[in-house]
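Here is the structure we will look at.
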Amino acid sequence: MSKGFASNYRVVLLAVAICLCFGGLGARLVELHVFDRDEYLPVIDRARRQIIVESARRGDILDDRGNILATSQSMIVLGVDPQAVRPGDEKKWPELAELTGLSLAEITKKFLTKTRGGPAEPFAIQVTKPTGPAPAAAAGDDDDAEVDDPADANGERPIRWEKLCDDVAESTYAKIRGLDIQGVYGNRVYRRVYPHNSLAAHVIGYVNKSGAAVDGIERYADFYLHGRDGWREGERDGRGHEIAQFRTRDVPAADGYSVTLSLDLGVQHIVEQELDLIAQKFQPQKATIIVSDPRTGFILALANYPTFDLNEYNKVPRDDMRAMRDVAITDQYEPGSCFKIVAIAGALNENLVTPQTSFDCSINQIEYEGRVRGLPREDQSDHFKMLTVAQITARSSNRGAAQLAMLMGDQRFYDYARAFGFGQLTGFPLPGEIDGTLLPPNKWDALTITRMPMGHSVDATALQMQMAMGVIASGGYLLRPQVIREIRDTNGRLVYSYDTVVKRRVISEQTARTMARLLMGVASTQGTAPTAAIPNYEVAGKTGTAQKIIDGHYSEHHHVASFIGFFPASRPQVAISVIVDDADAHALNGVAYGTSVAAPSFKHIGEQLIQYLGINPVYAPAGPSLVMGGNRP
């Protein structure tokens, strides 16, 4: 046999060896694909297939002038797959630590801890096959967002995703990508940002770290704002990169709609500045200021003290959680003398009295429905004798208001209180609103008819009082308070527009005009609130100084001071409520009266709104005053 050819024995041996190899390989493939299919297929499928979530961008919240109140910024949730860490990259870790704000020790621990619950490995990096980023849905979670493989025989689970930090800016992420550190990946998410921090916090509400709308407009309009997340399903290669040609499903994300509010950022700023001044001067328990357009019912500003920063909602101390409550709609109080507008307007509207009708306000008891009823005391009893309805309004006579209510009778007076909006929800589009307390006549005691007309034995929210005064300013209509103007899609097309909603007519237009003139007397030198008067402008309104119930009794040292009014009285353009709770400790003579605590703020806000909104003066018509005869209020 020639030396250039192998022997037959060797050829046969080689052939047998090759057949055995292929036979073994074939047998192994059969074992894997047939006998062990159920065991390994899920692992293989999970390793290759992936679902990538594409987050939708939440829509913006805007004020009436187009200023952004809430928006969504694209951020990166940064993490590392410890199994993919390669040797040599540790030289880049200090720079990564500087970019992320983490310490080098934190970076080192996260990179070298390869199993859950196990100790960090010694500093000897082994080359492992990169597996790619974790699914965005997992990486974007508010927790530590770890993704692990199933546990091995020793109960240890290899870590495939360990979050380094979230809220990494796009520009910073570009620098991190430039470091080319294997195993470091980012998932794009949207974070809610509130450019004006605490401004209008209780109206806007907020979205928490997990993306849930918690309060305010964020929660109420979540259906429109949220949008719809997209997702795609496909396969990835051994390096964790998507293989586009094997993509089986692709559902694009649909961004949320924008919501435009009736709030005016300038008016809101004026209101919140005034609340800051009230807080500094009087240190009240709480306070609320509301500004609305009485012609439409739309809210221009609504603010409460205390408040909080929407961007740092999670940093509010547990003891200060009350600051997150929208007390304008969630808290009730006895409105005091501001409630007298119900008895006065009701008696006028029923033609039971005229502004010149007189009542003896020096008496301390009166017979009503066969029983002698005690009348409430007056704050200035030495001045109160025979008073006209106009003077009862201007001087805020408790006994006069009680006698007006008695003229109407229990049921009719109660019906007017209901018609003015008390004891029922306003329909304001924010969560948490309460309906206050207005008991029907069959649950009244013998003194209720004498006490409710002066604002006792009834509880209201600040927004309900704003609505009630709005009845007079609107010409007799109860309007639904609204704060959403319109909703637009991502292309700016109008989806829905909100218009004025009239709930019902409460009093006639003539009665409303008469009431407006009577309420001008309050802001005059003959009334209880000359401190609310604005020179050259018709100011109409009502003071309130309500004793708070402490330990079951009306307190002489704890009051809710308020002034609620509108101007110009004959052509109203703005209505303003200022309600300050428990400012007595720092008030003049230790009593927080509406005229000294709330009325000056009404004036201060009004003067600024005149300039900001361009409100022209409307002078009172010439002729005798309804209040004191010949003098103009």
Side-chain angles (χ1 to χ4, degrees), residues 58-73 192-208 213-222 224-225 256 258-279 286-293 296-316 320-331 426 428-433 461-463 466 481-487 498 574-579 601 605 608-609 612-613:
R58 190 175 181 84
D60 293 341
I61 299 177
L62 313 171
D63 84 335
D64 200 33
R65 298 175 185 253
N67 298 301
I68 295 177
L69 302 176
T71 190
S72 296
Q73 289 185 354
R192 205 60 166 162
V193 177
Y194 303 95
H196 304 284
N197 301 317
S198 62
L199 204 71
H202 297 105
V203 175
I204 298 170
Y206 63 94
V207 175
N208 65 20
V214 176
D215 212 346
I217 292 298
E218 290 279 29
R219 178 177 170 185
Y220 178 82
D222 185 58
Y224 295 104
L225 291 166
S258 66
V259 174
T260 299
L261 306 183
S262 59
L263 294 185
D264 186 305
L265 201 61
V267 180
Q268 186 73 29
H269 183 68
I270 290 171
V271 163
E272 300 209 11
Q273 276 191 322
E274 190 63 30
L275 275 177
D276 287 342
L277 293 175
I278 290 173
K286 55 189 174 183
T288 295
I289 299 178
I290 304 172
V291 179
S292 66
D293 184 340
T296 64
F298 279 96
I299 304 297
L300 304 181
L302 187 155
N304 302 298
Y305 166 83
T307 188
F308 67 104
D309 189 334
L310 290 170
N311 293 304
E312 298 183 347
Y313 70 89
N314 55 337
K315 296 182 181 179
V316 177
D320 294 333
M321 293 297 286
R322 66 188 181 95
M324 305 179 74
R325 195 171 67 246
D326 186 357
V327 297
I329 62 172
T330 64
D331 288 20
T426 67
F428 193 57
L430 289 182
E433 184 187 13
T461 66
L463 188 59
Q466 176 84 358
Q482 298 191 83
V483 73
I484 301 179
R485 285 282 191 193
E486 61 184 27
I487 296 170
Y498 292 79
V574 290
I576 306 171
S577 292
V578 180
I579 301 169
S601 289
I605 293 170
Q608 294 176 79
L609 294 182
Y612 181 74
L613 299 176

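Excluded from the calculations below are hydrogen atoms, water molecules and symmetry mates; all remaining heavy atoms, backbone and side chain alike, are included.
Residues passing the ring pair (Phe, Tyr, Trp, His ring centres under 6.0 Å) test with Phe308, sequence neighbours excluded: His202. When the salt bridge (charged side-chain N to carboxylate O under 4.0 Å, His left out) test is applied to Arg192, the partners found at least two apart in sequence or on another chain are Glu218. Listed by chain and number, the residues in a side-chain hydrogen bond (donor to acceptor under 3.5 Å, both in side chains) with Asp222 are Arg58 (sequence neighbours excluded). Shown here are the ring pair (Phe, Tyr, Trp, His ring centres under 6.0 Å) partners of Tyr498, two or more places apart in sequence or in another chain: Tyr496. By the side-chain hydrogen bond (donor to acceptor under 3.5 Å, both in side chains) test, Gln482 pairs with no residue at all, sequence neighbours left out. The side-chain hydrogen bond (donor to acceptor under 3.5 Å, both in side chains) search around Thr426 returns Glu433, not counting sequence neighbours. Residues forming a ring pair (Phe, Tyr, Trp, His ring centres under 6.0 Å) with Tyr313 (at least two apart in sequence, or on another chain): Tyr206. Every residue meeting the salt bridge (charged side-chain N to carboxylate O under 4.0 Å, His left out) condition with Asp293, not counting sequence neighbours, appears here in chain and number order: Arg295. Annotation: ring pair (Phe, Tyr, Trp, His ring centres under 6.0 Å) contacts of Phe428 (sequence neighbours excluded): none. Evaluation of the side-chain hydrogen bond (donor to acceptor under 3.5 Å, both in side chains) rule for Asp326 yields Asn304 as partners, not counting sequence neighbours.
Rounded to the nearest 0.5 Å, atoms CG (Leu69) and CG (Leu62) are 7.0 Å apart.
Within a 6.0 Å sphere centred on CZ of Arg219, heavy atoms belonging to other residues, nucleotides or ligands number 12 at most.
Under the salt bridge (Lys or Arg N to Asp or Glu O under 4.0 Å) criterion, no residue pair touches residues 300-310, with sequence neighbours excluded. Within the structure, salt bridge (Lys or Arg N to Asp or Glu O under 4.0 Å) pairs that include any residue of residues 270-279 do not occur (at least two apart or interchain).
No side-chain heavy atom of Leu263 sits less than 4.5 Å from a side-chain heavy atom of Asp64. Between Arg65 and Leu265 the shortest side-chain heavy-atom distance does not fall below 4.5 Å.
Residues Ser72 and Asp60 come closest through the heavy atom pair N-OD1, 3.9 Å.
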